[in-house]
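Here is the structure we will look at.
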Amino acid sequence: MLNYVIKRIAIAIPTILILIIVSFLLMHSAPGGPFTSERPLPPQVLANIEAKYGLDQPLWRQMVNYVWSVVTQFDFGPSFKYKDRTVNEIIGQGFPITLKYGFWSFVFAIGVGIPLGAIAAIRKNTWIDYLAVGVSIGAQVLPNFVMAPLLVIIFTLWLGWLPGGGWNGGSIEYLIMPVIALSTSYMASIARITRSSMLEVLNSNFIRTAKAKGLPSRTILLRHALKPSLLPVISYLGPAFVGLITGSVVIDIYFSTGGMGYFFVNSAMNRDYSVMMGITILVGFLTIMFSLVVDLLYAWIDPKIRY
Amino acid sequence: MSYLAKYLAASFVIASIAAAPVLAAGTHPVTGEALADDQTFTYRILDEHSSVDPQIVEDVTGSEVVRDIFEGLMNQDADGNLIPGVATGFTTNDAKDVYTFTLRDNAVWSDGTPVTAGDFVYAWQRLANPETASPYSWFAEIMSIEGVGAVLAGEADPSTLGVTAIDDLTLEVRLTASLPYFALMTTHGSTFPSPSWVIEEHGGDWTKPENIVSNGAYILTEHIPNERSVRERNTSYWNNAATIIDKTVALVINDENTALTRYLAGELDRTEVPSGQYPRLKAEYPDNAFSFPRLCSYYYTFNLSDSGPEAFKDVRVRQALSYAIDRNIITENVLQGGQFAAYTFTPGATAGFEIPDVPYANMSQADRDAKAVELLAEAGYGSDNPLSFNMLYNTSEGHKKIAIAMSQMWKQKLGVTVELANMEWKTFLEVRGAQDFDLARGAWCGDYNEASTFLDLVTTTSGYNDGKFSNADVDALMASAKTMSDASANYTQVEQIMADEMPVVPVYHYAGVYMLSDGLANWPVNNVEQNWYSRDLYKVAE
């Protein structure tokens, strides 16, 4: 087990290096640069700025310098666009926000999605099943960029219960709408996966044996059926968790949360190389870490899997 | 990742400081109106400001903050006229190339240090210093300060710049050209003073709310990137007694429709009206919806360089295409926000600029259409030899609507085939700057309120002349305009040449289209540059 973890971490290092190199090259090959603007800067001014940010050096040297300062000092450099701030500060301020609404969305998606899917499977082909499936399909087809303004119209304009946006340190009234808008489609996917995998498990031989033994259905469901039917859900949850906590540009734009998702997209538009790289590395790192966590969870749930 | 915790902690501390009580304001000292108890002004900004360092700031949202928290030599009033700021006044010589500003003796920084001429010398040297790498250092160049070229190039020490503190309250500026409008330029953020001792102590972190020292009517007290920035009354400001708004909050709301919703929910005092919604809002909220002229021009430029299409080198083709655009349809049916149909490049709202009598502006659209058909036929284009070209704009729903309308007009009236192409902003700029287009969108907002800020664009040497139009008469007229005390005749002539030569298709001149909340008073609707100061605003009791 320990060997397996060490091996996976050892593979992660070159993976991240390749991620850095590829994103660095892709980004620099996009037309324009951080200082391309509607009012082109006089050559002397542009040269001064490029010298300050090291953009006057050959690309390979910029890349080596960048990787070096990231690895040795954990320094992602200054933002090219937001000149008062470093990338570490931008991530340091944006990531906790994203983490907070992402985490609660995750909790909400699981907390509603799994019971919904399970009930639908147990009460297969009854009105409960149809209702649960209906709700989850409805939630799935309603994208968050439709959901977000809809929520604002209902809860802010009509009812006047919740503020229409902002963050305010993430207090509950500012958190509700972003969490609902972000989590519904995840919740729907989780419900559907749970339902179909639960149905499969309920039809399998070992459940029939348990029934034949005369075990009460509560015990069959909770002790024998739930755990194996969660396997496909867990493989979905790893990437979903990373997706949720690294931010949603839609949520950030509609609710003005100040989260990282908007910075990510915007940095690509602005050619803010350092912010773009910093967030890419963070997302890449989290993706690798959580896929490892998922694999370890697999081993815990499914006794057939051994590392 | 201990810095996460640190920044979170810091923002909580700042938030609690920001929650100080606000006193009831009473009545307005001049108008006698009853003032609201809560003098907080909250407005929407499209995007996070890039900096609040006066010598670094380059965007509109950052400049708005800088104008509130710092104060330069001169200010603008609600109509855009020049009024004293830190300087009580200035004198100049006959040649208008030496300016001497007298500073008031009661101006202090928020840490109590007096504001001196030396602070301006420091700031201006800092602006030109290559080490600062200011994106606005070119502003020092157009201010024509003596020695600026060599300093920018790193060939001379910043101390050689032609700006001297004669004593603590006297600042002398020496120019290499005669600039009658020089004092106007000192209302620009990049000329505002900066506190050398704070910058030396904190380096790049000096503009953080916990470090910043400024000399304006407000101080920056809170900043959460991409969410909000807050500035509050600076009690040590020399004219604090006349300031009414206690606190100004800028909220970053990227989507204009979301912003409108939040305005309607009472969370904002000011927001922009999304395109096409002005008539509805004006009908529903007649006292809150405002439209007023702005100093910006929307146009399409022909590529007249060697890489441009052969057809555009024929002036008749350019005229035909411009004539065939029914600008009223674009302003009244597409934009619907009180924008102005444009037949000249310079907006009519520009100070000292009368819209000249260009012939095609006075024709009816039917006559223009007929003339366009005639001109295009003369140039040899018709059903047997159809004209076709690409039309490039940067990706945006608004630009797309206009491009579709224009291309349809050309197709229906002239049988011209236009292929629309949109590109993401930076790519668009790169392609347009490399003359890799046929016809490209452009927009320009004046840097200062004078026609040359627009017309310089069509001179041969302008770095912004992406269409590469070149006309010796225009160049000569613009060069001589630089040193004239009244150059309006030259500007009129340039516009007439442009109407004949048609290097660009002017489409419309902008309007500021805002929703302003009920209590908010004194918004400077007459300031076409929209250089507003929170200290001029106030909220009346409802």
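Naming convention: chains lettered A, B, ... in sequence-line order (proteins, then strands); numbering from 1 in each chain.
In this structure A:A268 satisfies the side-chain contact (heavy atoms from CB on, under 4.5 Å) test together with A:M276, sequence neighbours excluded.
Put simply, CG on B:D255 and CD1 on A:I253 are 7.5 Å apart, with the number rounded to the nearest 0.5 Å. Taking CG from B:N226 and CD1 from A:I90, the interatomic distance works out to 8.5 Å, rounded to the nearest 0.5 Å. Going from atom CD1 of B:I45 over to atom OG of A:S256 covers 10.0 Å, rounded to the nearest 0.5 Å.
Counting heavy atoms from C-beta on, the side chains of A:R85 and B:T207 never come closer than 4.5 Å. Side-chain contact between A:N266 and B:N254 is absent, with no heavy-atom pair separated by less than 4.5 Å.
For B:W138, the parts lying under 4.5 angstrom from a heavy atom of chain A are both the backbone and the side chain.
Taking chain B as the reference chain and counting heavy-atom pairs below 4.5 Å, the highest number among A:P78, A:G94, A:S37 is found for A:S37. Counting heavy-atom pairs closer than 4.5 Å to chain B, the top-ranked of the candidates A:N168, A:V152, A:T156, A:L157 is A:L157.
B:K426 contributes no side-chain N or O that, together with a main-chain N or O of A:M269, makes up a donor-acceptor pair within less than 3.5 Å.
Salt-bridge formation is detected for the pair A:E89/B:K208: a Lys NZ or Arg NE/NH1/NH2 atom is positioned less than 4.0 Å from an Asp or Glu carboxylate oxygen.
Within residues 45-61 of chain A, the residues having any heavy atom under 4.5 Å from a heavy atom of chain B are, by residue number, A:V45, A:N48, A:I49, A:K52.
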